[in-house]
Amino acid sequence: MVLLGADPVVETTLVQIVKAIVIFAVILQVVPVILLLERKLLGRFQQRYGPNRVGPKGALQPFADVLKLLSKESSTPTTAVPWMMAIAPVISIVTAVATLAIIPFGPQGAWGGDLGLYGIDVPIGLLYFFAFGSLAFYAFVLGGWASGSKYSFLGAMRSAAQLISYEVAIGLSLLGVAMMAGSLSLVDIVEAQGSAGKGIWFVVPQFVGFIIFMVAGFAESSRPPFDLPESDAELVAGYNTEYSGMRFGSFFMAEYIEVIVISGVATACFLGGWHGPGPEALAPLWVVLKMFAFVLFFIWIRATLPRLRYDQLMFLGWKVLLPLATLNVLVTAILLVVT
Amino acid sequence: MLKSYLPALVFLVLGVGVGVAFTFANSLLGPKRPSKVKSEPYESGLPSDVRKSFRFGVSFYLVAMLFILFDIEVVFLYPIAVRLEEVGTFALIETVVFIVLLAIAFVHVWRRGALEWK
């Protein structure tokens, strides 16, 4: 429990910088793998092969995609505001990458010394996640508005309303977890799920919170079935209609990093983070396995559920998730204090 | 204390680096063959009709206002959530009163039809 208490032990500056770069570099390599996995699995779900031309069994498909995107012309419509159109993809990447910092892969000292296997462990943990999650909103709105196309504009408005509607639900869904752990730091939250006495994964006592977090997490990352801002059938990709080449790629990559972050936060808050059988040094393995399961879940849902209608989206966000999440907070608070 | 935030700064710098590289990669590497038709905003074959001032439904404004109301709720509840078990009954009563007040507002908003998407 550290809010304003003693300073936590922190590694040397060099170690801090190196571990941040390592986490970033690894995740950057994982994104194309997830991309390929998703296309392969979607193919199988729809009884076709998926990409199988480039490299052995299509393994080099992501490289081909990146090469193709790199060799495209950068196009800016005459109606656009060029500098705003240029910074929108930067914002989307920055906000997605910044949230990577709080995913805890292991406790401090699991690999010896005072090395903490996480980007940062700060007392504001969850709030940091929400703060950068909310900033992602600007990327979509700026990008869509500055494109000067009506499809982009509609996509931007949709994504604005969708993101802020589910922001409330996702904030409330983790309150129960914060109450039970007595801390906002994700490392403390994971520790609370393994300590003697209340050593239980929060997915059990916070099951309602878990469901709300996952639903809102899908909406926050604009993944199907909540991909209304970019619904290709009616809005021809929404806010990124006018984007080409790697600028389009940035939005795409940011979406996948966001999926990884949501998986990481869900793992830490509900599935006991690094807790699992075996020695403590295996901690990151468990985190990665659990996150991988979540990523597969994201892909599975994409193949299973059809897109919502906009009024259904608003109904779910305001009339179902918000009251349910508030009730969950109330019940958790009462149970915690009374028992 | 602030030193534990240093990696966040590194992530931000890396993010900006990658973002900027991606944003300008195509201007440097890609072909440049501009044409009048290509630089028009997308429209399905018809001449595109784009005005600078887009107009959109009032429902969007309404959602934004509701968001401010209920997101503040979340922000206020977090400090209390962290200290809930230590402070005990007093914090619990505060929380319940706060949520009940908001629930009244929520019911009012619901009954006035502000949550219907039109």
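Computed from heavy atoms alone, side chains included, the values below leave out hydrogens, waters and symmetry copies. Naming convention: chains lettered A, B, ... in sequence-line order (proteins, then strands); numbering from 1 in each chain.
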Chemist: Using non-hydrogen atoms only, which part of A:I21 is less than 4.5 Å away from chain B: side chain, backbone, both, or neither?
Modeler: both
Chemist: Judged by atom type as modelled, is there a donor-acceptor pair below 3.5 Å linking the side chain of B:Y78 to the main-chain atoms of A:A178?
Modeler: no
Chemist: Please determine, among B:A103, B:A8, B:P34, B:S59, the option with the most heavy-atom pairs under 4.5 Å with chain A.
Modeler: B:A8
Chemist: Select, from B:V75, B:L29, B:L102, B:I99, the one with the greatest count of heavy-atom pairs under 4.5 Å involving chain A.
Modeler: B:I99
Chemist: Roughly how far, to the nearest 0.5 Å, is the CG atom of A:L335 from the CG atom of A:L330?
Modeler: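 These two atoms lie 10.0 Å from each other.
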Chemist: Does the side chain to side chain contact (heavy atoms under 4.5 Å, CB included) test come out yes or no for B:I80 and B:F98, once each step is laid out?
Modeler: CA-CA 11 Å; B:I80 254 184; B:F98 185 70; over 6 Å; no
Chemist: A:S250 side chain to B:G19 main-chain N or O, any donor-acceptor pair under 3.5 Å?
Modeler: no
Chemist: Given heavy-atom pairs under 4.5 angstrom as the criterion, report whether the side chain, backbone, both or neither of B:L14 touches chain A.
Modeler: both
Chemist: Walk me through it: do A:Y166 and A:L316 pass the test side chain to side chain contact (heavy atoms under 4.5 Å, CB included)?
Modeler: CA-CA 9 Å; A:Y166 283 80; A:L316 183 65; 3.5 Å; yes
Chemist: With a 4.5 angstrom heavy-atom cut-off, could you sort out which part of B:F22 is near chain A: side chain, backbone, both or neither?
Modeler: both
Chemist: Between A:M85 and chain B, with a heavy-atom cut-off of 4.5 Å, which part of the residue counts as in contact: side chain, backbone, both or neither?
Modeler: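 Contact with chain B is absent: no heavy atom of A:M85 under 4.5 Å.
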Chemist: Is it the side chain or the backbone of B:L66 that comes within 4.5 Å of chain A heavy atoms, both, or neither?
Modeler: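 Both backbone and side chain.
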Chemist: Between B:V16, B:I68, B:L84, which shows the greatest number of heavy-atom pairs under 4.5 Å with chain A?
Modeler: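 When all of B:V16, B:I68, B:L84 are compared, B:L84 has the most.
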Chemist: Looking at A:L336, A:V331, A:V338, A:T332, which hits side chain to side chain contact (heavy atoms under 4.5 Å, CB included) with A:I334?
Modeler: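 When side chain to side chain contact (heavy atoms under 4.5 Å, CB included) is applied between A:I334 and each of A:L336, A:V331, A:V338, A:T332, only A:V338 qualifies.
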Chemist: So which of A:I124, A:L127, A:V122 actually passes side chain to side chain contact (heavy atoms under 4.5 Å, CB included) with A:L184?
Modeler: A:L127
Chemist: If you tally heavy-atom pairs under 4.5 Å against chain A, which of B:L6, B:L12, B:V20, B:L28 wins?
Modeler: B:L6
Chemist: Where on A:M314 is there a heavy atom nearer than 4.5 Å to chain B: the side chain, the backbone, both, or neither?
Modeler: side chain
Chemist: Given that the side chain runs from C-beta out, which part of A:F248 has a heavy atom under 4.5 Å from chain B: side chain, backbone, both or neither?
Modeler: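 The answer is neither part of A:F248.
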Chemist: Would you mind telling me which of B:L9, B:L77, B:T95 has the largest number of heavy-atom pairs within less than 4.5 Å of chain A?
Modeler: B:L77
Chemist: What part of B:F70 is in contact with chain A, defined as an atom under 4.5 angstrom from a non-hydrogen atom: side chain, backbone, both or neither?
Modeler: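 For B:F70, backbone and side chain are both near chain A.
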Chemist: Can you tell me which portion of A:V337 sits under 4.5 Å from chain B's heavy atoms? Options are side chain, backbone, both or neither.
Modeler: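 Only the side chain of A:V337 comes within 4.5 Å of chain B.
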Chemist: Verify, without hydrogens or angle tests, whether A:Y310 (side chain) and A:R158 (backbone) share a donor-acceptor contact under 3.5 angstrom.
Modeler: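 Yes, the answer is positive, given that a donor and an acceptor are paired below the 3.5 Å cut-off.
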Chemist: Within the distance-only criterion (no hydrogens, no angle test), does the side chain of A:Y128 pair as donor or acceptor with the backbone N or O of A:S185 below 3.5 angstrom?
Modeler: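 Judged by distance alone, no pair lies under 3.5 Å.
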